[in-house]
There are 2 protein chains.
Amino acid sequence: MFSKACEYGIKATLFIALQSLQDQRVNLKDIAKEINSPVAFTAKILQQLAKNNIVDSVKGPTGGFQIEKKRIDKIRLSEIVSAIDGDAIYKGCGLGLKECNANKPCPLHNKFAIIRDDLKEMLEGTSLYELATGLEVGLTFLKR
Amino acid sequence: MFSKACEYGIKATLFIALQSLQDQRVNLKDIAKEINSPVAFTAKILQQLAKNNIVDSVKGPTGGFQIEKKRIDKIRLSEIVSAIDGDAIYKGCGLGLKECNANKPCPLHNKFAIIRDDLKEMLEGTSLYELATGLEVGLTFLKR
DNA sequence: TTTATATCGGACAAATTTATCCGAAATAAA
DNA sequence: TTTATTTCGGATAAATTTGTCCGATATAAA
């Protein structure tokens, strides 16, 4: 469904959000440990997230990653997914046709569009905040 | 969503179903041309489909691929998908956790499970026959 | 000012997926 | 029986994704 990079990206962003809610900045090593991901690869993904203004990065000692508190309930999962995986998952044809729409649909078009649109709405309707709170109270988990 | 192999597999199977409804057996070259796929790679996928008894193969001149007419409305898309991509798409965690269930869910578990289950039901509820008929009357397309 | 620590960014490597090639095996038809 | 045609199956190659390494840059603190 999502690429590995995107999975790491979502998990990393959620952990950063969780820590930012408690005014804590977190560094690469701690993020990778928390989400059980390869450190160097995670660094690349965090760079992408920073470039896309999804997270803020600070260099130097005591540096790391954070998200402005005010923005945590504004940022949607969809932003992370399109920053890393692009929007093929929202717009693309289930059978990979370049051109596939109501006018010239693939055999799966109608049935697939429903699922795809539900996924899109789910991602667009889900904020970092609501997912981070589940982590905060120990109801949900980022590894295992 | 699906791998390229799976996309080709679905399209190839639908074309074979369409031709089988008209008592026509089709060969690799014609399939690849019809679904606009690389010939040799398509051959590999057809082998997999044959091994999984989704399509029948016949060697030699006049040989090719076909599906028993009676089975065309029995075979579901889900069979093709799990034969080629496995069942990660039905069972897997959206964030890639090894263990993710109601007991120990990832932050996305509840919302993701809905989408995933809808996809599963869609694929399990869709037969080759209903998709092939759309192709037959020129309502849907396998390329472009 | 120096040092230590953190991200940034580019080159490189490994693994996986996608794709090709070709001889072997089967088989229909000449 | 021979020939031509088709799928089968294994080896190989190309492309993409995943993952590593390391010097450059920024910066907090001694």
Side-chain angles (χ1 to χ4, degrees), chain A residues 1-13 15-16 19-20 24-33 35-67 81 83-86 88-89 92 95-96, chain B residues 1-13 15-16 19-20 24-33 35-67 81 83-86 88-89 92 95-96:
Chain A
M1 183 76 80
F2 306 123
S3 68
K4 277 283 168 202
C6 190
E7 290 176 2
Y8 295 147
I10 293 171
K11 287 188 277 193
T13 306
F15 180 58
I16 296 166
Q19 295 302 306
S20 294
Q24 295 292 312
R25 184 184 290 161
V26 282
N27 66 27
L28 171 62
K29 241 189 291 181
D30 292 341
I31 293 169
K33 185 179 292 178
I35 70 175
N36 197 28
S37 64
V39 177
F41 190 45
T42 305
K44 293 294 185 201
I45 297 159
L46 287 168
Q47 273 184 52
Q48 269 189 281
L49 293 171
K51 267 191 188 169
N52 283 272
N53 296 311
I54 291 167
V55 304
D56 299 323
S57 67
V58 178
K59 289 186 184 176
T62 79
F65 300 88
Q66 61 193 11
I67 304 174
V81 173
I84 297 180
D85 278 354
I89 201 164
L95 299 184
Chain B
M1 183 77 81
F2 306 125
S3 69
K4 277 282 167 203
C6 190
E7 290 176 3
Y8 296 148
I10 293 172
K11 288 188 277 192
T13 307
F15 180 58
I16 296 166
Q19 296 300 307
S20 295
Q24 296 292 312
R25 182 185 290 160
V26 281
N27 66 26
L28 170 62
K29 238 188 293 181
D30 292 341
I31 293 170
K33 185 179 293 180
I35 71 175
N36 195 30
S37 65
V39 177
F41 190 46
T42 306
K44 291 295 183 202
I45 297 159
L46 287 168
Q47 275 182 52
Q48 268 189 280
L49 293 170
K51 268 191 186 168
N52 284 272
N53 296 310
I54 292 166
V55 304
D56 299 324
S57 67
V58 178
K59 288 184 185 177
T62 79
F65 300 88
Q66 61 194 6
I67 304 172
V81 174
I84 297 180
D85 278 354
I89 202 163
L95 300 185

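Nothing here was measured: the structure is a model prediction, and the numbers come from that model. Naming convention: chains lettered A, B, ... in sequence-line order (proteins, then strands); numbering from 1 in each chain.
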## Note on the structure
Those residues at least two apart in sequence (or on a different chain) that pass side chain to side chain contact (heavy atoms under 4.5 Å, CB included) with K4(A) are E7(A), Y8(A)
### Message
My understanding is that only residues two or more places apart in sequence, or in another chain, count here; which of them pass side-chain hydrogen bond (donor to acceptor under 3.5 Å, both in side chains) with T62(A)?
### Response
none
Listed pairs under 3.5 Å, donor-acceptor, residues 39-52 of chain B side chains, sequence neighbours left out:
unit_1 : atom_1 : unit_2 : atom_2 : d
T42(B) : OG1    : S37(B) : OG     : 2.6
T42(B) : OG1    : P38(B) : O      : 2.6
N52(B) : ND2    : Q48(B) : O      : 2.8

### Query
If every non-hydrogen atom of A12(B) is compared with every non-hydrogen atom of I31(B), which pair is closest and at what distance?
CB-CG2, 3.8 Å
### Query
Is the side chain of D85(A) donor-acceptor paired with the backbone N or O of S3(A) at a distance under 3.5 Å, no angle test?
yes
### Message
Output the rounded distance in Å from CD (E7(B)) to P (dT18(C)).
### Response
9 Å
### Query
Starting at CD of Q48(B) and ending at C1' of dT7(D), how long is that distance when rounded to a whole Å?
15 Å
### Between P of dG10(C) and NZ of K51(A), the distance in whole Å
7 Å
### Summary
In terms of heavy-atom contacts, D30(A) and F15(A) come closest through O-CE2, 3.9 Å
## Note on the structure
5'-most contact on DNA chain D (nearest-nucleotide basis), F2(A) vs I31(B), goes to I31(B)
### Query
Does S57(B) place a side-chain N or O at less than 4.0 Å from the phosphate oxygens OP1/OP2 of dT6(D)?
no
#### Entry: Atom pair distance, as rounded to whole Å: CD in Q47(B) and P in dT18(C)
17 Å
### Task
Apply side-chain contact (heavy atoms from CB on, under 4.5 Å) to the pair I10(A) and V81(A), showing each step before the final yes or no.
CA-CA 8 Å; I10(A) 293 171; V81(A) 173; 4.2 Å; yes
## Note on the structure
Hits for side chain to side chain contact (heavy atoms under 4.5 Å, CB included) against V58(B), two or more places apart or cross-chain, chain-then-number order -> R25(B), Q66(B)
#### Entry: Rounded distance in Å - CG (L28(B)) to C1' (dC8(D))
11 Å
### Message
Expressed as a whole number of angstroms, how long is the span from Q66(A):CD to dA6(C):C1'?
### Response
13 Å
### Task
Note down the inter-axis angle between the two ends of the helix from dT1(C)-dA30(D) to dA30(C)-dT1(D), five pairs each, to the nearest 10°.
0°
### Query
To the nearest Å, how far apart are D56(A) CG and dA26(D) C1'?
16 Å
#### Entry: side-chain contact (heavy atoms from CB on, under 4.5 Å) assessment of D56(A) paired with I67(A)
CA-CA 6 Å; D56(A) 299 323; I67(A) 304 174; 5.8 Å; no
### Query
Once you round it to whole Å, what is the distance between C1' of dT18(D) and NZ of K11(A)?
14 Å
All N/O contacts under 3.5 Å from nucleotides 19-30 of chain C to the protein, with atom names and distances to one decimal?
unit_1  : atom_1 : unit_2 : atom_2 : d
dA19(C) : OP2    : Y8(B)  : OH     : 3.2

